[in-house]
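Keep in mind that the numbers below use all heavy atoms, side chains included, and drop hydrogens, waters and symmetry copies. The chain is numbered in sequence order, starting from 1. Every value quoted in this text rests on a predicted model; they were computed, and no experiment measured them.
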Amino acid sequence: MNFRIGLTAAAALSPVALAHAADAPSAIHGFGILNIQNDYITPRGLMVTNKGVTVQVIAGLVFDLYHPSDSAIDDVSFVVGTFNDIDSTQHANTAGAWNEFDWFAGPSFHFEKNWNLDVQIGQFLSPPGNFKAETNLEFALSYDDSGWGLPLLFKPYVKLFYALSGDSTVVTGRRGGTFDVEIGAAPSISIAPFTLSLPTWITVGPETFWGGGGNVGVFSTGLTLTYPLPIPTPLGHWNAKAGFQYYNFINDRLRLAQMLIGTATPGSGGHRDEVNGFVGLSFGF
């Protein structure tokens, strides 16, 4: 139930693959991310797993389609990729520890020097059959303030997540025909050779998205430390990272969902707060 790290894959992953596009003449770039963490919590606030260790693998390709130098829209690319979640405590007869498989695809538009619009359609699939296929559409608008010359970058964004069909991505909400909006920023500062970032967001939307509980879903903030690995450029650009993400499950339907799927004890009221620690590797070429 998650094909994004930070923003949508195009907004959050393509910089891994494209930050060095100037020295890579190919019109096809790739990215990969491996995360090891103690919980699997989606950006929308569903606590999917909280026992053992979860391993998440994201991989994809970015195709440069259009790159004029004198146009308001100065870059158009197309992103395709997959997301896999491996749950160390799951022992399903049909899938073993393979908990989830997602695919995503869509265009990315860079315009007016600092703006990016990413559009993606994706589908969340459950190899062990825990939920019916969920098809969703995302629109993410982000702003790159690196041109301001400040030591601290804010990188604000807003993302519309629209559920098209299938089961509710938060378990208790309407099955298709509803949405939430993620409002956030990914502040970062470089302390050579490290980069320190603080991904922060809150989700809002109609009650139908959660099945009640008001119009606010989850608040999250965290700390990520990234280190560029000294690997020869022909092998791609690699980074190691470690950090944590804090979640405050504001909507009581998110806490109800925990009890329904087994990440909280029935009758306990669910977890109001959770901290998810992680380490990971990423690469782009």
Side-chain angles (χ1 to χ4, degrees), residues 2-38 40 42-43 53-65 67 75-86 88 97-108 110 116 118 120 122 138 140 142 144 146 153 155 157 186-199 222-245 276-285:
N2 172 24
F3 56 76
R4 103 5 158 187
I5 301 295
L7 307 178
T8 63
L13 299 181
S14 59
V16 174
L18 298 178
H20 305 278
D23 55 66
S26 174
I28 302 176
H29 307 281
F31 58 82
I33 293 179
L34 171 68
N35 284 337
I36 302 173
Q37 50 201 55
N38 57 277
Y40 172 17
T42 74
V53 173
T54 187
V55 178
Q56 297 184 342
V57 182
I58 305 99
L61 294 172
V62 181
F63 300 88
D64 285 340
L65 304 178
H67 192 73
D75 187 81
V76 179
S77 58
F78 193 84
V79 183
V80 295
T82 61
F83 166 94
N84 286 273
D85 179 75
I86 309 299
S88 67
W98 190 16
N99 181 48
E100 185 176 335
F101 171 77
D102 305 340
W103 63 264
F104 52 88
S108 178
H110 188 271
N116 219 80
D118 301 291
Q120 287 190 350
E138 289 196 63
S142 56
D144 181 3
S146 58
L153 306 181
K155 299 180 180 178
Y157 69 91
S188 67
I189 186 169
S190 293
I191 307 172
F194 300 97
T195 298
L196 190 65
S197 58
L198 295 87
L223 190 65
T224 301
L225 185 68
T226 303
Y227 174 73
L229 297 175
I231 293 175
T233 299
L235 299 178
H237 301 274
W238 293 71
N239 293 283
K241 66 177 180 179
F244 68 89
Q245 196 71 25
N276 187 19
F278 60 86
V279 295
L281 288 173
S282 64
F283 75 89
F285 64 85

- Check against side-chain contact (heavy atoms from CB on, under 4.5 Å), Phe104 and Ile58: CA-CA 11 Å; Phe104 52 88; Ile58 305 99; 4.3 Å; yes
Measuring from atom [atom1] of [X] to atom [atom2] of [Y], what distance do you get when rounded to the nearest 0.5 angstrom?
X	Y	atom1	atom2	result
Ser188	Leu196	OG	CG	8.5 Å
Asp75	His67	CG	NE2	5.5 Å
Ile231	His237	CD1	NE2	11.0 Å
Leu225	Ser197	CG	OG	8.5 Å
Phe31	Phe285	CZ	CZ	9.5 Å
Phe278	Leu34	CZ	CG	12.5 Å

For residues [X] and [Y], determine if any side-chain heavy atom of one lies less than 4.5 Å from a side-chain heavy atom of the other.
X	Y	answer
Pro193	Tyr227	yes
Leu65	Ser77	no
His29	Asp64	yes
Tyr40	Gln56	yes
Thr54	Asp85	yes
Phe78	Leu61	no
Ile189	Leu153	no
Leu281	Leu229	yes

Scanning both residues in full, the closest heavy-atom pair of Asn38 with Gly277 reads OD1-N, 2.5 Å
Quiz item: Sequence neighbours excluded, which residues qualify as ring-ring contact (aromatic ring centres under 6.0 Å, His included) partners of Phe244?
Solution: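 Phe244 satisfies ring-ring contact (aromatic ring centres under 6.0 Å, His included) with no other residue.
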Phe101 meets the ring-ring contact (aromatic ring centres under 6.0 Å, His included) criterion, sequence neighbours left out, with none
Is the backbone of Ala192 close enough, under 3.5 Å, to the side chain of Ser190 for a donor and an acceptor to pair up by distance? no
Check: So, does Glu138 use its side chain to make a donor-acceptor pair with the main chain of Asp118 at under 3.5 Å?
Finding: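 No, the answer is negative, given that no donor and acceptor are paired below the 3.5 Å cut-off.
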Evaluate the side-chain contact (heavy atoms from CB on, under 4.5 Å) criterion for residues Asn116 and Tyr157: first the C-alpha distance (whole Å), next the side-chain angles of each, then the deciding distance (0.1 Å), finally the verdict. CA-CA 9 Å; Asn116 219 80; Tyr157 69 91; over 6 Å; no
Can Val53 and Ile36 be said to form a side-chain contact (heavy atoms from CB on, under 4.5 Å), step by step? CA-CA 7 Å; Val53 173; Ile36 302 173; 3.5 Å; yes
